[in-house]
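These notes are about the structure you will find just below.
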Amino acid sequence: MSAFVSRRVADAMAATPRSDFLTLEHRAHASEDRPLPLFDGQTNSQPTTVAQMLDLLDVPVGAHVLDVGAGSGWTTAILAELTGPTGSVLGVERIADLAAWGAGNLAATRRGWASIQTATPGVLGAPERGPFDRILVSAMASTLPEPLVAQLAPSGVLVIPVNGRMWRITAPAAHAPDPPRMERFGAYRFVPLIID
């Protein structure tokens, strides 16, 4: 793990072993810093990338968090460790079989304030469950998805890969007239963000 990763994120990841969120044939490779295949063309993200995204997200204890592209449930479980039981984490995954498998992996962590559900076809995120203090997206968008920005609570943060860069969007404070603040970092590759 990079020395630039915050202690909170490093501790949350250490408390959430990646191997528990991999298929049996790939568990022996859990310590490798690379994406690993799951099924249906999806991957378990590279650990350093996950750590960097979580650092940018800066999840406070007690936050209401949305995890888009929850996949194996690994990031959902790490987010739950960061929020603690006073928070809540909702993972959404468009592939029903993967969502069910990820939900089972998550349940084994006994972090009952987190859950994973199959995404509603044609809907990005979970607008009916928002607004969210933090939103993490683990799939590459070609442009910034405004429906996700709209699901942020005042001063909320969205971290999402867009067209090869990692974006951090911060919503304005309540009643502030300012537009969201947009910051861009590094170069990244992810599976594409798809809305069925």
Side-chain angles (χ1 to χ4, degrees), residues 6 8-9 12 42-43 45-46 49-71 73-84 86-95 98-99 102 113-196:
S6 71
R8 279 193 78 228
V9 167
Q42 303 306 296
T43 61
S45 295
Q46 182 176 351
T49 298
V50 171
Q52 290 161 2
M53 293 176 78
L54 293 172
D55 263 348
L56 289 173
L57 200 61
D58 190 24
V59 179
V61 171
H64 183 44
V65 181
L66 176 65
D67 185 19
V68 177
W74 188 40
T75 53
T76 311
I78 299 168
L79 289 164
E81 182 70 13
L82 289 167
T83 69
T86 60
S88 63
V89 183
L90 172 63
V92 291
E93 169 56 52
R94 71 179 187 86
I95 301 170
L98 186 54
W113 55 97
S115 62
I116 295 174
Q117 66 183 38
T118 304
T120 303
V123 176
L124 186 55
E128 76 287 356
R129 298 279 296 273
F132 297 95
D133 302 308
R134 297 291 187 272
I135 300 175
L136 179 70
V137 182
S138 297
M140 183 77 72
S142 55
T143 59
L144 179 65
E146 291 299 331
L148 288 179
V149 178
Q151 292 172 50
L152 285 173
S155 303
V157 176
L158 163 66
V159 171
I160 178 173
V162 179
N163 201 23
R165 303 285 304 278
M166 194 64 68
W167 288 33
R168 184 180 197 266
I169 311 300
T170 305
H175 310 300
D178 310 314
R181 183 161 50 101
M182 302 185 185
E183 303 167 272
R184 296 169 182 82
F185 303 87
Y188 296 86
R189 292 192 338 191
F190 281 83
V191 295
L193 181 65
I194 298 170
I195 308 170
D196 291 330

Would a distance-only check, ignoring hydrogens and angles, find a side-chain to backbone donor-acceptor pair under 3.5 Å from [X] to [Y]?
| X | Y | value |
| --- | --- | --- |
| Glu93 | Gly71 | yes |
| Trp113 | Val89 | no |
| Arg165 | Gly186 | yes |
| Thr120 | Val123 | no |
| Arg181 | Ala171 | no |
| Asp55 | Ser6 | yes |
| His64 | Arg129 | yes |
| Arg134 | Asp58 | yes |
| Asn163 | Ser142 | no |

Can you tell me how far apart [atom1] ([X]) and [atom2] ([Y]) are? Round to the nearest 0.5 Å.
| X | Y | atom1 | atom2 | result |
| --- | --- | --- | --- | --- |
| Thr170 | Met182 | OG1 | CE | 10.0 Å |
| Leu158 | Leu56 | CG | CG | 11.0 Å |
| Ile78 | Met53 | CD1 | CE | 11.0 Å |

Restricting to non-hydrogen atoms, name the atom on [X] and the atom on [Y] that form the minimum distance, rounded to 0.1 Å.
| X | Y | result |
| --- | --- | --- |
| Gln42 | Arg94 | NE2-NH2, 4.2 Å |
| Thr76 | Ala114 | CG2-CB, 4.3 Å |
| Thr83 | Ala63 | CG2-O, 3.7 Å |
| Val157 | Leu57 | O-CD1, 3.7 Å |
| Gly69 | Ser138 | O-CB, 4.0 Å |
| Ala126 | Leu90 | CB-CD2, 3.6 Å |

Is there a side-chain contact between [X] and [Y], using heavy atoms and a 4.5 Å cut-off?
| X | Y | value |
| --- | --- | --- |
| Met166 | Val159 | yes |
| Leu79 | Leu54 | yes |
| Thr75 | Val50 | yes |
| Phe132 | Val65 | no |
| Pro131 | Gln151 | no |

Item to complete: Apply the side-chain contact (heavy atoms from CB on, under 4.5 Å) test between Leu136 and each candidate in Asp67, Val59, Val68, Ile160; give the one that qualifies.
Response: Asp67

Fill in: Sequence-distant partners of Thr49, side chain to side chain donor-acceptor pair (under 3.5 Å), two or more places apart
none

